[in-house]
2 protein chains.
Amino acid sequence: MARRGDTIELAVLGLLHEGPMHGYELRKRLNLMLGWGRVLSYGSLYPALKKMLRANLITEVADTTTPVTRRPRITYEVTEAGNDHFQRLMSEVGPTAWEDDNFDIRFAFFSSTDMEIRLRVLEGRRSRLQERLARVQGELERTQAEVNRYAAELQRHGVESVEREVRWLSELIRAERDDESATPSTTQAATQPAAPRATTND
Amino acid sequence: MARRGDTIELAVLGLLHEGPMHGYELRKRLNLMLGWGRVLSYGSLYPALKKMLRANLITEVADTTTPVTRRPRITYEVTEAGNDHFQRLMSEVGPTAWEDDNFDIRFAFFSSTDMEIRLRVLEGRRSRLQERLARVQGELERTQAEVNRYAAELQRHGVESVEREVRWLSELIRAERDDESATPSTTQAATQPAAPRATTND
DNA sequence: GTTAGCATGTAAGGAGTTACATGATTTT
DNA sequence: AAAATCATGTAACTCCTTACATGCTAAC
């Protein structure tokens, strides 16, 4: 079962899916990808890579591209076992998958899974957010008469943000569904289907 | 200097500012307040309270409201030292204050500080977000030609969200400034000045 | 009668950050 | 010549979560 700490593992496997890479580059790509909020440090990346090596999820590969003079870089590649593990992690549904960071990682690597999984993750995330929304709004009604203007404004802004997020997810879900009906026989199809890009103004 | 872990301390002091409370209630209020994302567990709240007791930031007070039959609740109150500490933490500017969680807590307790601090925090937060935006957009231009549709969409959505956040902050800063000019002599004034509530559609 | 909520705590462990250590190379 | 960036790693430490422990009360 996916524990919280599998986040780095999933991220590394997802990135290596696009081709071999060395640690430093992995960190850079990852921080760009999830640059909002927490940033990954070497202190957690390198040990994680070592652990994954031991677990046979990745292997070191001869680095052909190092410009000779440079410090030799350690380039990693996914193994078959690594790919299996990646697919397993991606298709795991349940609490851990809906949380902010975990969702983002999964979403970023959606291209490497199939639509069935994508829809499950998107829908799961959406209902999770809707639950939160309902809970907070319920409690606000009971606790109402909030004296604190600023706390109230923070609440309001929070609710608004989550509502936006829900609309975004709904757009994406709709797009995925349209894809389905638009692709009659092509199973793995990479025929540039309707981009998930939501309209700029809503 | 404010370390990351002072978040709970700040939150507790801020809430007790509104009146005495016991642990269970503190947790509930806090989770409602920052319910988006991580939730505070007893495992961190109670030890933190003990620590604050030892540091003389709070004191136990006789609980008059427990309905006799009930398990006696331990009600806490801020000390003078606690209030000093609270004001010091609130007025501390610098990296820690601009990060997501820390900012939210500070914002929620804005009523307990003065406008000078509020403006500094709001502006600090805004420039922090603008920096991030600039960095990410710069790196996107260089790294462009992103093959991955989904990763690109995540980026787009992230940028859009941060841009919204910046507009929200600008609204709030404007509102604070308007307040300033609207209150000529009243220094601590609680004269219900222009609510920080932003217009629903922008 | 049993689930949910009130109420307070402790112990162990996980995940990741900070700081340290090292050194080459590219840009300013 | 200095500063930034490339590049890899380790050790200590912090903070927090999870799981356990306990027991009462209100609601269904």
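All values below were derived from every heavy atom in this structure, side-chain atoms included, with hydrogens, water molecules and symmetry-related copies excluded. Order of the sequence lines sets the chain letters (A, B, ...), proteins ahead of strands, with each chain counted from 1.
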Applying side chain to side chain donor-acceptor pair (under 3.5 Å) to Ser111(B) and not counting sequence neighbours gives Asn148(A)
Rounded distance (Å) that lies between atom C1' of dG5(C) and atom CG of Leu32(B): 16 Å
Quick one: is Tyr24(A) getting a side-chain N or O under 4.0 Å of the dC6(D) phosphate, OP1 or OP2? yes
Counting the atoms with a prime plus P, OP1 and OP2 as sugar-phosphate, which does Gly23(A) contact under 4.0 Å by heavy atoms, base, sugar-phosphate, or nothing? sugar-phosphate
Show the atom names and distances, to 0.1 Å, of all donor-acceptor pairs under 3.5 Å that link a side chain in residues 82-89 of chain B to residues at least two apart or in another chain.
residue	atom	partner	partner atom	Å
Asn83(B)	OD1	His17(B)	NE2	3.2
His85(B)	ND1	Arg88(B)	NH1	3.2
His85(B)	NE2	Glu9(B)	OE2	2.7
Gln87(B)	NE2	Ser112(B)	O	2.9

List for me each residue that meets ring-ring contact (aromatic ring centres under 6.0 Å, His included) alongside Tyr76(B), sequence neighbours excluded, and say none if there are none. none
Five pairs at each end of the helix from dG1(C)-dC28(D) to dT28(C)-dA1(D): take the axis at both ends and give me the angle between them to 10°. 50°
Among dA7(C), dG16(C), dG9(D), find the nucleotide with the atom closest to the side chain of Tyr46(B). dA7(C)
Distance test, side-chain N/O of Tyr42(B) to OP1/OP2 of dG9(C), below 4.0 Å: no
Is the Trp168(A)-Phe107(A) ring centre distance short of 6.0 angstrom? yes
Sorted by chain and number, sequence neighbours left out, side chain to side chain contact (heavy atoms under 4.5 Å, CB included) with Ser44(B) holds for Ile8(B), Leu40(B), Ser41(B)
Taking only side-chain nitrogens and oxygens of Ser41(A), does any of them come within less than 4.0 Å of OP1 or OP2 of dG16(C)? no
Does a side-chain N or O of Lys28(B) approach OP1 or OP2 of dC6(C) to a distance below 4.0 Å, or not? yes
Can you list everything that forms a salt bridge (charged side-chain N to carboxylate O under 4.0 Å, His left out) with Arg27(A)? Sequence neighbours excluded, please. none
What is the distance from CD of Glu25(B) to P of dG5(C), rounded to the nearest Å? 17 Å
